[in-house]
Amino acid sequence: MTTSGTDVSVESVVRRAAAAHRAERGALLPVLHAVQAELGCVPQEAIPVLADEFNLSRADVHGVVTFYHDFRREPAGRSTVRICRAEACQALGANRLVSYAREAGTPIGETSADGAVTVEQVFCLGNCALGPSVEVDGRLHGRVSPERLGALLNGTV
């Protein structure tokens, strides 16, 4: 199988990433990160190739991919919004942000119908004094209200 819009096969991406990390202990995680960085996700087609590369069962590889929330099975939207759900942000209103995102049509863990935004949860952005905090495409925002989250989701901030 090839990735959409390119002639790069999933197998070649996985094998190249595995070769680059072969000498490392516990190389599966760095390889999964490398595959996701190149393909935008860890597609189902990568699982048997990874199992072959690391002499693991497909179930073992699948278990790692599904255990860690950082790995996606499908590509994310063009923008990624991460809402902090740690204790400090919860105390300052993170649940209102989660509710707002759900009501806006993009619940935690999903991508908007137009593919513009993926909303994720994290359990600390290290911005506790300015909670609730949200990260949009790597840029941190503090004291985010539901209205401001709406502007972030719509790309106006």
Is there side-chain contact between [X] and [Y], with heavy atoms separated by less than 4.5 Å?
X     : Y      : result
Arg58 : Val61  : no
Glu45 : Glu11  : no
Leu28 : Glu53  : no
Leu97 : Pro146 : yes
Leu56 : Leu50  : no

Can you confirm whether more than 12 heavy atoms, excluding those of [X], are under 6.0 Å from its [atom1] atom?
X     : atom1 : answer
Tyr68 : OH    : no
Glu74 : CD    : no
Asn55 : CG    : no

side-chain hydrogen bond (donor to acceptor under 3.5 Å, both in side chains) contacts in which one or both residues fall within residues 119-133, not counting sequence neighbours: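 Sorted result for residues 119-133: Arg72-Glu120, Arg85-Gln121, Asn127-Ser133.
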Pairs touching residues 96-110 that satisfy side-chain hydrogen bond (donor to acceptor under 3.5 Å, both in side chains), sequence neighbours left out: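 Residue pairs with at least one partner in residues 96-110: there are none.
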Atom pair CG/CD1 of Leu125 and Ile83 - distance to nearest 0.5 Å: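 That separation rounds to 10.0 Å.
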Can you check whether Gly142's main-chain N or O pairs, donor with acceptor, with Arg148's side chain at less than 3.5 Å?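 Looks like yes, one N/O pair under 3.5 Å.
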Strictly distance-based, threshold 3.5 Å: is any side-chain N or O of Glu38 a donor or acceptor partner for the main-chain N or O of Ala17?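 No; zero donor-acceptor contacts below 3.5 Å.
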Which residues pass the ring pair (Phe, Tyr, Trp, His ring centres under 6.0 Å) test with His33, not counting sequence neighbours?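 Residues passing ring pair (Phe, Tyr, Trp, His ring centres under 6.0 Å) with His33: Phe71.
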Result of checking Glu135, Arg139, His141 against Leu152 for side chain to side chain contact (heavy atoms under 4.5 Å, CB included):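 With Leu152 as partner, side chain to side chain contact (heavy atoms under 4.5 Å, CB included) holds for just one option, His141.
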